[in-house]
Student: 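My questions all concern the structure below.
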Amino acid sequence: MPTDLLHGLNKQQREAVETVNGPVLIVAGPGSGKTRVITNRIAYLVKVCGVAPYRIGAVTFTNKAARELRERLEPMLGHQAQELTATTFHSFCALVLRKDGHHLGLDKSFAIYDSADQLSLIKRAMKEVDVDAKQFTPGAIQSAISSAKNQLIGVEGFGLNKQNYFDEIVHRVYERYDALLAQSMALDFDDLLFKSHTLFDKFPEVAAKYQERYVHFMIDEFQDTNVTQYAIARLITQKYRNLCVVGDPDQSIYSWRHADIRNILSFKSDFPEAKVIALEENYRSTQTILEAAQRLIEPNKQRVEKALYTKNDRGVPIIVKESYNEQEEAQYVVKEIERLSRQGYRKSDIAVMYRVNAQSRALEEACMRYGMPYLLVGTVRFYQRQEVKDLTAYLRLLENPSDDVSFLRVCNVPTRGIGQRTLDDLQRLARDQNMSMYAAIEMLAGDKDQPLSTVAPLPARSLTALRGFRDLIAGIAEECRTLSLVDTIDLVLKKSGYKDYIQNEADGGDERWENLLEFRNTANEFRDIAPDEALTAFLEQVSLVNDTDNVGAKSDTITLITLHQAKGLEYPVVFIVGMEEGTLPHIRSLTDPEEMEEERRLAYVGVTRAKKLLYLTRVFRRGFQGVSEPKIPSRFLADIPKELTSGSQSDLKQQSFASRAPGWSTPGGQSSRPSISAPSVRIEHSGPEPTRTKISSNSPQQPQQPQRPGQSEAPKTAALKTGDRVRHKKFGEGIVTGTKPTGADLEVTVAFKDGAGVKRLLLSFAPLEKAE
DNA sequence: GCGCTTTGATTTTTT
DNA sequence: ATCAAAGCGC
């Protein structure tokens, strides 16, 4: 029975599964069965070697990867899978710090700041140390600080090694920023890693505990780890040295997030006894696609040669298509997908990939125009929406009133007479007293006794307003102690006046209210957890797991996705759009050879996602921020040999639209009928979309149904479906253009007449009626 | 202190 | 084009 775990594996894969003792480096080419090796290796540790799942840690880079790992191990290990640690690096560190952070003086209820929170605190720090935001953009400073923390450089270290004036400035901000974080009892994403490292480094007894626990440790996507992450892994595995890292340097696409490809080299020197295993057989793609990929990646200087090969068929040529502009490009893609559908491909077999999210727009519009159902992965995250962040800020304050970022975010939303002037005064006071803003109010106005007005006299009116907010938070915090999470949310919404504010005052109020209800819905999942722990757990999920998980939505749709997000996925048919200089090598990478190599790897990642059919499209003109600019073909197109391609490929130096060859050629006019394989990867849904105007994701339950407004169908059941005409109490008549199950509810997207626009509504809440 | 209008930056990718 | 911060009148 245990041999099942080795069955069907090639020699190298088998070796990777069986090598459980000592350090291992697995270099896994695209489509080489990496995920299977990782899961089987863990199962092998448990089932064959008798290692307790509790003693195995596996960290991944994204939530998606972590979830997939757990899902695959579930059927193999059964209930034992629960004991396993399989999570992202950041979640892992958050866990460690909640448990043992007290050694560093960390309060258990620390808040976690995302990039937006981080930026706002950096802006504040800049103001406080007199750094002009015009001269030094907050973004640049944020990136510098983040980069330092991800390279294990703390404030002190940074101060010792300043190279120039900019470093000088960054250092000043860094110092103040860290102080503000401490005062707010908050950690940013980078701190989760950095502080965990400090904890293990400075407290050997804590490190020892984790070394003993994680006898076996694995890192997936090792090429995307940064220096700090790798250092943490080294500290944890110091004792048993059972560290297994898996990665592919050619797929390293996160250096901008401070991932350091050199970790792979360091690994070899840190663990000289490491066994190196290369997985070079590709099971995914046709020979044509694999060869194109190799020719594409070859020009990179910083790489280790790999000899990828496949036993798959030669397949059909790669199709290169030129269009005039992005609208035409999108139209071509949609039309081509319709044609493939008629040939028997399922829409879920097909993905359209692009460099930047902005490119999805033209594609979405084309999909909507032609009634092509699509799933937009990523984009503006659910938890990033204003109203959701506001509510989250209230909840964070209940847990940790010192959280200044959250305090500033909502203390005057809805308005309560706490204006800029008051906040400036309060901030100055807080800074003088070295305390959080909330604490400063306590000091000023804590008791009904005389305020300590000698310190910094505030106008009585301001004081009253501040005290009012303090009382609001303290009151809710007191009252919610015994309440369920959902009840707490209701209490916050009501008492803070936020509900009234959204419903009556804010623009786009109805949609935003629906979003809050959806947020409330996710809180429902925590109903089985004790009230005092539920809030902490919920907030942690909100900060670290930003993709909501809509497994229910299993409709037949095409996928629109960025190249970055596509890593690790595979599709029978892949379109990569925007193969132009300045788009696919991105404009910001044109001058830096290292960044250019990363762009090339990104293209490589895209190409290697394809199993059967690959389309590369480019345009002559592309609109950017309103203006249309001429574009020349991506250098990457020229690196793919002509013999491997077909399609309307004009001379690559040609720029004029007139040079466009007419028509398109079909993929393989030969006998080979495309095989219709199931998509082997589940896509996470990005969650419902932000407050913007257009429909977000358009995934009808009735797959093949065209969604053009006006085509209504005979009504069947009570539930609404695409094409139904409906009436809304406020918005009037409209047509359902999409539906999506969310939990027990159904989210319907409705296009209303009379300029009311497109709205997303939850069926159970929205006053919707079926119309004739 | 608040809300409106103008201005300026913004967009690469994500934990 | 879109959205956040800054400026200005109430």
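We name chains A, B, ... by the order of the sequence lines, and we start the count at 1 in each one. Only this structure's heavy atoms are used, side chains among them; waters, hydrogens and symmetry mates stay out. Worth saying up front: this structure is predicted, and the values here are computed from it rather than measured.
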Student: Can you name the ring pair (Phe, Tyr, Trp, His ring centres under 6.0 Å) partners of A/F469, sequence neighbours left out?
Tutor: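 Scan of A/F469 (ring pair (Phe, Tyr, Trp, His ring centres under 6.0 Å), adjacent residues dropped) gives A/F407.
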
Student: Just the rounded figure in Å: distance from P of B/dT15 to NE2 of A/H90.
Tutor: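 One finds 9 Å between P of B/dT15 and NE2 of A/H90, rounded.
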
Student: Output side-chain donor-acceptor pairs under 3.5 Å for residues 221-233 of chain A, partner residues at least two apart or in another chain, one line each.
Tutor:
from, atom 1, to, atom 2, distance (Å)
A/E221, OE1, A/Q223, NE2, 2.7
A/E221, OE2, A/K34, NZ, 3.3
A/Q223, OE1, A/D248, N, 2.9
A/D224, OD1, A/I253, N, 3.4
A/D224, OD2, A/K567, NZ, 2.0
A/T225, OG1, A/F222, O, 2.7
A/T225, OG1, A/N263, ND2, 3.0
A/N226, OD1, A/T228, N, 3.1
A/N226, OD1, A/Q229, N, 2.9
A/N226, ND2, A/N150, OD1, 2.9
A/T228, OG1, A/K149, O, 2.9
A/T228, OG1, A/N150, O, 3.0
A/T228, OG1, A/L152, N, 3.2
A/Q229, OE1, A/N226, N, 2.9
A/Y230, OH, A/D270, OD2, 2.8

Student: Nearest-Å distance, NZ (A/K64) to C1' (B/dT13)?
Tutor: 13 Å

Student: Would you mind reading off the distance between A/E221 atom CD and B/dT13 atom P, rounded to a whole angstrom?
Tutor: 19 Å

Student: Between A/T422 and A/F189, name the one whose nearest nucleotide on DNA chain B is closer to the 5' end.
Tutor: A/T422

Student: Could you state the atom-to-atom distance from CG of A/L192 to P of B/dT14 in whole Å?
Tutor: 19 Å

Student: Between atom CG in A/N150 and atom C1' in B/dT14, what is the gap in whole Å?
Tutor: 12 Å

Student: Do we see A/W256 stacking on the base of B/dT13, given a limit of 5.5 Å between centres and 30° between planes?
Tutor: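 Yes, aromatic ring over the base.
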
Student: For residues 583-596 of chain A, pull every pair meeting salt bridge (charged side-chain N to carboxylate O under 4.0 Å, His left out), keeping only residues two or more places apart or in separate chains.
Tutor: none

Student: Rounded to whole angstroms, how far apart are CD on A/Q229 and C1' on B/dT15?
Tutor: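 Result: 9 Å.
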
Student: B/dT14 C1' sits how many Å from A/I561 CD1, rounded?
Tutor: 13 Å

Student: Taking salt bridge (Lys or Arg N to Asp or Glu O under 4.0 Å) as the criterion, tell me which of A/K631, A/R622, A/R618 meets it with A/E329.
Tutor: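 That would be A/R622.
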
Student: Can you figure out which of B/dT15, B/dT11, B/dT13 approaches the side chain of A/Y254 most closely?
Tutor: B/dT13

Student: What residues, two or more places apart in sequence or in another chain, satisfy ring pair (Phe, Tyr, Trp, His ring centres under 6.0 Å) together with A/F89?
Tutor: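 For A/F89, no residue satisfies ring pair (Phe, Tyr, Trp, His ring centres under 6.0 Å) once neighbours in sequence are set aside.
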
Student: Which side-chain N or O atoms in residues 458-465 of chain A pair as donor and acceptor under 3.5 Å with protein atoms at least two apart or in another chain?
Tutor:
from, atom 1, to, atom 2, distance (Å)
A/S462, OG, A/T422, OG1, 3.2
A/T464, OG1, A/A460, O, 2.7

Student: According to a strict under-4.0 Å criterion, is A/Q565 in side-chain N/O contact with OP1 or OP2 of B/dT14?
Tutor: yes

Student: Scan A/R421 against the nucleic acid and name what it touches under 4.0 Å (heavy atoms): base, sugar-phosphate only, or nothing.
Tutor: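 The answer is sugar-phosphate, as A/R421 gets under 4.0 Å only of primed atoms, P, OP1 or OP2.
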
Student: With hydrogens left out and only the distance checked, is there a donor-acceptor pair under 3.5 Å joining A/S91's side chain and the base of B/dT15?
Tutor: no

Student: Please list, in numerical order, the residues of residues 582-592 of chain A that have a heavy atom closer than 4.0 Å to any atom of DNA chain B.
Tutor: A/H586, A/R588

Student: Measure all distances between protein nitrogen or oxygen atoms and nitrogen or oxygen atoms of nucleotides 4-9 of chain C, and list the pairs falling under 3.5 Å.
Tutor:
from, atom 1, to, atom 2, distance (Å)
C/dA5, OP1, A/K123, NZ, 3.2

Student: Name the nucleic acid region contacted by A/F89, choosing base, sugar-phosphate or nothing; use a 4.0 angstrom heavy-atom cut-off, strictly under.
Tutor: nothing

Student: Check side-chain contact (heavy atoms from CB on, under 4.5 Å) between A/T562 and all other residues, then give those that pass, not counting sequence neighbours.
Tutor: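 So A/T562 forms a side-chain contact (heavy atoms from CB on, under 4.5 Å) with A/Y354, A/N357, A/H564, A/Q565.
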
Student: Applying side-chain contact (heavy atoms from CB on, under 4.5 Å), name anything that partners A/S406, two or more places apart in sequence or on another chain.
Tutor: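 In terms of side-chain contact (heavy atoms from CB on, under 4.5 Å), with neighbours along the sequence ignored, A/S406 is linked to A/A393, A/R396, A/L397, A/D403.
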
Student: Taking only the side-chain heavy atoms of A/T562 (C-beta and beyond), determine which of B/dT15, B/dT11, B/dT14 contains the nearest atom.
Tutor: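 Taking heavy atoms from C-beta onward, the closest nucleotide is B/dT14.
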
Student: What integer distance in Å separates A/E599:CD from B/dT11:C1'?
Tutor: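 It works out to 13 Å between those atoms.
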
Student: Taking only residues two or more places apart in sequence, or in another chain, which ones meet A/Y174 in a ring pair (Phe, Tyr, Trp, His ring centres under 6.0 Å)?
Tutor: A/F158

Student: Among A/D117, A/D404, A/D424, which residue meets the salt bridge (Lys or Arg N to Asp or Glu O under 4.0 Å) test with A/R124?
Tutor: A/D404

Student: Measure from the side chain of A/V356, starting at C-beta and using heavy atoms only, and say which of B/dT13, B/dG1, B/dT15 lies closest.
Tutor: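 Closest of the options to the side chain of A/V356: B/dT13.
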
Student: I'd like a table of atom pairs between the protein and nucleotides 2-5 of chain B - only N or O on both sides, under 3.5 Å - with the distance next to each one.
Tutor:
from, atom 1, to, atom 2, distance (Å)
B/dC2, OP1, A/G417, N, 2.9
B/dC2, OP2, A/N412, ND2, 3.2

Student: Mind running side chain to side chain donor-acceptor pair (under 3.5 Å) on A/S252 and A/E598 for me, showing each step along the way?
Tutor: CA-CA 7 Å; A/S252 164; A/E598 182 145 319; 4.6 Å; no

Student: Check every atom of B/dT14, B/dT15, B/dG1 against the side chain of A/N357 and return the nucleotide holding the closest atom.
Tutor: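 The listed nucleotide nearest to A/N357's side chain is B/dT14.
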
Student: Select one nucleotide: of C/dT2, B/dT10, B/dT15, the one nearest the side-chain heavy atoms of A/T62.
Tutor: B/dT15

Student: Say you draw a straight line from CG of A/L106 to CG of A/D100; how long is it, rounded to the nearest 0.5 Å?
Tutor: 11.0 Å

Student: For a quick test of reading the model: is some side-chain N or O of A/S255 closer than 4.0 Å to OP1 or OP2 of B/dT13?
Tutor: no

Student: Going by the rule ring pair (Phe, Tyr, Trp, His ring centres under 6.0 Å), which residues pair with A/Y604 if we only count those two or more places apart in sequence or in a different chain?
Tutor: none

